[in-house]
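Report on one structure; see the data block that follows.
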Amino acid sequence: RRVLPQGVGGGRPIIVHCSPGGIRAGQRSEAVERRDNAPGWVLDALEIDPAARIVLAHGGGERAFLRACSPFTDTPIKNLIRDHGGPGTEHPGAWIGVDVAFHEGVGSRRYTEGWLGTDALMIGHVLIGSDWPLHLPKYDYATWARRARATFGAGLDDIEAARVAFEGRE
């Protein structure tokens, strides 16, 4: 929160870490990291720039993302998108979305079924990825990208629309 005034505004899109537990810094407990990586600070950012474009990287993790996709659940991320993420919300100039970077289940039946049943609210607010761990030899980005394209299939146009909304350009 202390860096928000320097990072928000000026029309720059913002990507922030938002996963369960977060990236743990030295001498910080998991409980502190969970608190600091919660998406609640987004409201502080929108106070500074009501037209901010924000991606919550990792969508809160794979399980949280799939819960948000369900039309039968209410989640903090879905609430942010519904209440503050664009036209008809408290911040009509803003755009809030998630990416699915680091979701290893992409391509699995459970993941694909979760996406196919996605709540309409999430459509246009999902990006395919941003920081797959290319530095780790066990991961192959090309394989993951093929699985992601297959998983999201017909939704790729919606994902492209989300990318344009986030970047603010075609």
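Bear in mind the structure is a predicted one, so any value in this text is a computation, not a measurement.
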Exercise. Any idea which heavy atoms bring G124 and A162 closest together, and the distance?
Worked result: O-CB, 3.3 Å

For this session: Tell me, yes or no, whether the heavy-atom count around R12 atom CZ, taken from other residues, nucleotides or ligands under 6.0 Å, exceeds 12.
Result: yes

For this session: Scan for salt bridge (charged side-chain N to carboxylate O under 4.0 Å, His left out) pairs involving residues 87-98, sequence neighbours excluded, and state none if there are none.
Result: none

For this session: Looking only at non-hydrogen atoms, find the nearest pair between A64 and G59 and report the distance.
Result: CB-O, 3.8 Å

Exercise. Which is it for F152 and D158 under the side-chain contact (heavy atoms from CB on, under 4.5 Å) test, yes or no, and what are the steps along the way?
Worked result: CA-CA 9 Å; F152 295 105; D158 296 317; over 6 Å; no

For this session: May I ask you to test the L56-D99 pair for a side-chain heavy-atom distance under 4.5 Å?
Result: no

Exercise. Counting distance only, does the side-chain N/O of E167 pair as donor-acceptor with the main-chain N or O of P13 below 3.5 Å?
Worked result: no

Problem set entry | Distance-minimising heavy-atom pair for I128 and A148 | CG2-CB, 3.9 Å

For this session: Could you pull out the closest heavy-atom pair between W115 and C69, with the gap in Å?
Result: CE3-SG, 4.2 Å

Problem set entry | Pairs where residues 67-76 contributes a residue and the test side chain to side chain donor-acceptor pair (under 3.5 Å) is met, not counting sequence neighbours | D74-R82

Exercise. Between R53 (side chain) and F166 (backbone), is there a donor-acceptor pair under 3.5 Å?
Worked result: yes

Problem set entry | Under the side chain to side chain contact (heavy atoms under 4.5 Å, CB included) test, residues paired with A52 that sit two or more places apart | L46, D49, I54

For this session: Measure the shortest side-chain to side-chain distance between L66 and R110 over non-hydrogen atoms and say whether it is less than 4.5 angstrom.
Result: yes

Problem set entry | Within-4.5 Å side-chain heavy-atom neighbours: L127 and V100 | no

Exercise. Do the side chains of E160 and V164 get nearer than 4.5 Å, heavy atoms only?
Worked result: yes

Exercise. Who passes side chain to side chain contact (heavy atoms under 4.5 Å, CB included) against T112, sequence neighbours left out?
Worked result: L116, T151

For this session: Step by step, work out the side-chain contact (heavy atoms from CB on, under 4.5 Å) result for F72 and D119.
Result: CA-CA 8 Å; F72 307 109; D119 188 323; over 6 Å; no

For this session: Sequence neighbours left out, what passes side-chain hydrogen bond (donor to acceptor under 3.5 Å, both in side chains) with R146? Give chain and number order.
Result: T143

Exercise. Does I81 have any side chain to side chain contact (heavy atoms under 4.5 Å, CB included) partners at least two apart in sequence or in another chain, and if so, which?
Worked result: I77, I96, L121, M122, H125

Problem set entry | Nearest heavy-atom neighbours spanning E62 and G105 | OE1-N, 2.9 Å

For this session: Taking side chain to side chain contact (heavy atoms under 4.5 Å, CB included) as the test, write out the residues that go with R109, two or more places apart.
Result: E113

Seminar exercise, completed: CG of D83 to OG1 of T89, rounded to nearest 0.5 Å, is 8.0 Å

Exercise. Going by heavy atoms in the side chains, are D44 and V8 under 4.5 Å from each other?
Worked result: no

